[in-house]
Asks: 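Sharing a structure below in structure tokens format, with a few things to ask.
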Amino acid sequence: MNESNIDPKLLKPYDPKETEDRIYKMWEESGFFNPDVCIEKGMTDKDAETFSMVLPPPNVTGTLHLGHAATLTIEDIMTRFARMKGYKTLWLPGTDHAAIATQSKVEKILEKEEGKRKGDLGREEFLKRVNQFAQESHDTIINQSKKMGASLDWSREAFTLDEKRNLAVRTAFKKMYDDGLIYRGHRIVNWDPKGQTVISDDEIVYEERKAKLYTFKYSNDFPIYISTTRPETKVGDTAVAVHPNDERYKKYIGKTYEIKDFCGVSLNIKIVADESVEKEFGTGALGVTPAHSQIDADIATRHKLDTKQVINEFAKMTVGDERILNKKTIEAREVIVNFLRENNLLEKEEEVTQNISTAERTGGIIEPLPKLQWFIDVNKPIKERDNKSLKELMLEAVRSKEVNIIPNRFEKVYYNWIENLRDWCISRQIWYGHRIPVWYKGEEIYCGVETPNGNGWEQDSDTLDTWFSSGLWTFSTLGWPDLNASDFKTYHPTNMLETGYDILFFWIARMILMSTYLLGEVPFKNVYLHGIVRDAQGRKMSKSLGNSLDPLELTAKYGADAVRMSLIIGTGPGNDSKMSEDKIRAYKNYANKLWNITRFVLSNTENIKNENFNNYVDVDKKLIDEIDKLIIEITKEMDEYKFYLVGEKIYQYTWARFADIILEESKNIFENGAEKEILSRKHFLLYTLEKILKILHPFMPFVTEELWGMFLKENKKLLMIEKWPVSPDTSQGEPV
RNA sequence: GCGCGGUUAGCUCAGUUGGUAGAGCAUUCCCUUGACGUGGGAAGGGUCAUAGGUUCGAAUCCUAUAUCGCGCACCA
């Protein structure tokens, strides 16, 4: 067989290592990741429909993991598909400063490598270090994203903490402040003693632990037993609450008891009746600690009780004598339990399991404390938005189907979250982040986009929750607050937001909040949620378990195309998936199979020009009909985001049908067939291989682009901007 | 407590509007001057968690149960 015109590379097995970086560079240099270039060079019609999507910005806390790789793959498939359909296609990259996560990471490194704390450096010097770390992480992340083949428009790259995004943040804050949606309030907040900052309700992670439930009374002449798992907080009690209908305690309601010595602290306990108390729980009586429990604070407000703070920001006691003063809460607990035992006040102790609140990023045990913080009011009616509250705006966006969530079972989860939503605490006592745009001078307070004029103004030292800036992401990246920015006008609302279901509340909900409030429109029309990538045993991948697979290692070993396929196939939206190297290996073999299929087809069709050919014999007509039908089916499934099905189907077709059956038959035809049959078959092979490469391109962009380059020498266009194939009898797209 | 998801071949999972089950890996046997051994051909292996129901027909729809996992709430 004469293979003289075949690219010599084809004679060896497919080598992703030699191929991928070269191909990516070619794509980048073509400029076609940027929709403006596609229009300029006539590849995309300037009036074409748009497809826009932002990449969920990875945290600049280190390196990418397989979850990121899955995100990049799914979104790249969407993007490449849209681009091939001729849409004005923008996939916009960026990174997230991830305030607490990044700061605590740098703090750890500083401690480990230099034995220093951030206070030793001071705010300015510490921030320098964080920025340096963030820059390094950023570079790693960008490099990794390119290795995955992501066709992101790097010319539009953004950072959640850069100048433009800071302007967006200040603008948004100022408007919310003026509308009375942002307020400063003294409330019980979630204090993280480890991270030394307040966190929002959503940043709490509950951990189930064994605890002791102690039943006791404050003193021998106190009439009621109460139960608690935290005896040390009881020095801050100012009341005991009972249910108003509880016959056992009715006679005590309204009375006040003075306890002179409760482990060195004097208490003044009023008995109050409150509907929120459950008669069946414990003794049916609840010791009220207004400073260290949200629920108790609510009861205290209803009954105008005193609030007495007894624990500080370091989780140490601030009252009592040497037995407990300045002791850690856990130590003080022992002391007080002993005190109860010694004074015969302890009736019983029982083992219970309880959920304890920990901080998502630092793991610190949350200490509820009363503090002055900034909040976003989610219930206040907004004039400009038909007197709807933020909660209502968020609900409406999804209820009305303006935002379509895939899979739609997450709508219920979303509604449930909103129903339980309380005001969002947005201030953080950390240094890395957007500084709150509020200044103080004596009693005066100023909130503005720009620094106030005049001397003596001091800016609030707190920074904003990282999700505040992330919430603006779909439009802060497109030029907002400049409403005339052409990107903003062209690409917002975005078409798709693809991310893991684990940040539905953190991010999706906050984007809907910000966008519906600030712009009066939804941030995106579709949300596609993917699951968590787990290891072969189904465990979450984590550094501590040492079971995380490094995407870079995997792509180096098997090729990015193989990694991409293995992340897509067998994974429906919203479902967790399991990853194993076996699976990746299978798709590495597939890339090579495709390589050899192309070699066979090209070496058998050397003098054939793939022009319009109409002399197909009946057998081949049927085969063409088959592949055309498959393409129609596949296109429909692509439009429905069923990539896992398409990937599997095209895999099955190329291997089990095209290679195993059709190519084998072709050998016979080429040897024994009539000239007409041979000619027909040769054209069919070219016709079909071309379609296969196109359909497979969003999934396996590298190997398909490489083969495309060898496929038709006279064809100078890159596969990435070829038109998606549709069968000749449909009206859309380019007839073949 | 409220809600959601899973349960299909040894393992990991597909199965689109209901039409008597599929893939990858693993296992067994055969094939080597073949486009490809990163391959080809063949085989074994499933009462689709259980019990009812709807239907001519159910892995698929409905009800209940079991079991595993997840989210939210509670957590004195």
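Both backbone and side-chain heavy atoms feed into the values below; hydrogens, waters and symmetry mates do not. A, B, ... follow the sequence lines: proteins, then strands. Residue 1 opens every chain.
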Asks: Using atom P in both nucleotides, what's the gap between B/rG44 and B/rA21 to the nearest angstrom?
Replies: 15 Å
Asks: Specify the separation, in whole Å, of atom CD of A/Glu581 and atom P of B/rA26.
Replies: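 In whole Å, B/rA26 P and A/Glu581 CD are 14 Å from each other.
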Asks: If I take atom CG in residue A/Asn596 and atom P in nucleotide B/rG39, what distance separates them, rounded to the nearest angstrom?
Replies: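 A/Asn596 atom CG is separated from B/rG39 atom P by 10 Å.
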Asks: Given the P atoms of B/rA64 and B/rG57, what is the spacing between them in whole Å?
Replies: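 So the two P atoms sit 23 Å from each other.
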Asks: A/Ile662 CD1 to B/rC36 C1': how many Å, rounded?
Replies: 17 Å
Asks: Between B/rG15 and B/rG52, how many Å separate the two C1' atoms, rounded to a whole number?
Replies: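 One C1' to the other, the span is 25 Å.
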Asks: For A/Phe410, report the nucleic acid contact type (base, sugar-phosphate, nothing); a contact means any heavy atom under 4.0 Å.
Replies: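 Nothing, no nucleic acid heavy atom in range.
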Asks: Over how many whole Å does the gap from A/Glu648 atom CD to B/rA23 atom P extend?
Replies: 10 Å
Asks: With a 3.5 angstrom cut-off on both distances, give the Watson-Crick or G-U wobble partner of B/rA9, or none if there isn't one.
Replies: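 Its partner is none (no Watson-Crick or G-U wobble pair with both distances under 3.5 Å).
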Asks: How is A/Asn420 classified with respect to the nucleic acid when contacts are heavy atoms under 4.0 Å: base, sugar-phosphate, or nothing?
Replies: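 Result for A/Asn420 = sugar-phosphate.
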Asks: Is a donor on one side and an acceptor on the other found under 3.5 Å between the side chain of A/Thr283 and the backbone of A/Tyr225?
Replies: yes
Asks: Base, sugar-phosphate, or nothing: which does A/Ile226 touch, judged by heavy atoms less than 4.0 Å apart?
Replies: nothing
Asks: Please classify the nucleic acid contact of A/Glu278 as base, sugar-phosphate, or nothing, using heavy-atom distances under 4.0 Å.
Replies: base
Asks: Check the distance between B/rG39's P and A/Asn592's CG and give it to me in whole angstrom.
Replies: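 Value for this atom pair: 8 Å.
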Asks: Scan A/Thr229 against the nucleic acid and name what it touches under 4.0 Å (heavy atoms): base, sugar-phosphate only, or nothing.
Replies: sugar-phosphate
Asks: Return the nucleotide paired to B/rA42: Watson-Crick means purine N1 to pyrimidine N3 with N6-O4 or O6-N4, wobble means G-U with N1-O2 and O6-N3, both under 3.5 Å.
Replies: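 Because both required distances fall under 3.5 Å, B/rA42 counts as paired with B/rU28.
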Asks: Please classify the nucleic acid contact of A/Leu10 as base, sugar-phosphate, or nothing, using heavy-atom distances under 4.0 Å.
Replies: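 A/Leu10: no heavy atom of the nucleic acid under 4.0 Å.
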Asks: Using a heavy-atom cut-off of 4.0 Å across all strands, would you classify A/Glu664 as base, sugar-phosphate, or nothing?
Replies: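 Base contact.
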Asks: Between A/Arg510 and A/Phe506, is there a donor-acceptor pair closer than 3.5 Å when you use the side chain of the first and the backbone of the second?
Replies: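 Such a contact is found between A/Arg510 side chain and A/Phe506 backbone.
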Asks: Determine whether any donor atom in the side chain of A/Lys412 lies under 3.5 Å from an acceptor atom in the base of B/rC4, or the reverse, and answer yes or no.
Replies: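 By the distance-only test, no, there is no pair.
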Asks: Roughly, in whole Å, what's the span from CD1 in A/Ile661 to P in B/rG40?
Replies: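 To the nearest whole Å, that distance equals 12 Å.
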Asks: Can you tell me how far P of B/rA35 sits from NZ of A/Lys9, to the nearest Å?
Replies: 22 Å
Asks: Give one of base, sugar-phosphate or nothing for A/Leu213, where a contact means two heavy atoms less than 4.0 Å apart.
Replies: sugar-phosphate
Asks: Rounded to the nearest angstrom, tell me the gap between atom CZ in A/Arg585 and atom P in B/rC25.
Replies: 10 Å
Asks: Between A/Glu581 and A/Lys588, is there a salt bridge with N-O shorter than 4.0 Å?
Replies: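 Between A/Glu581 and A/Lys588 there is no salt bridge, as every charged N stays at least 4.0 Å from the carboxylate O atoms.
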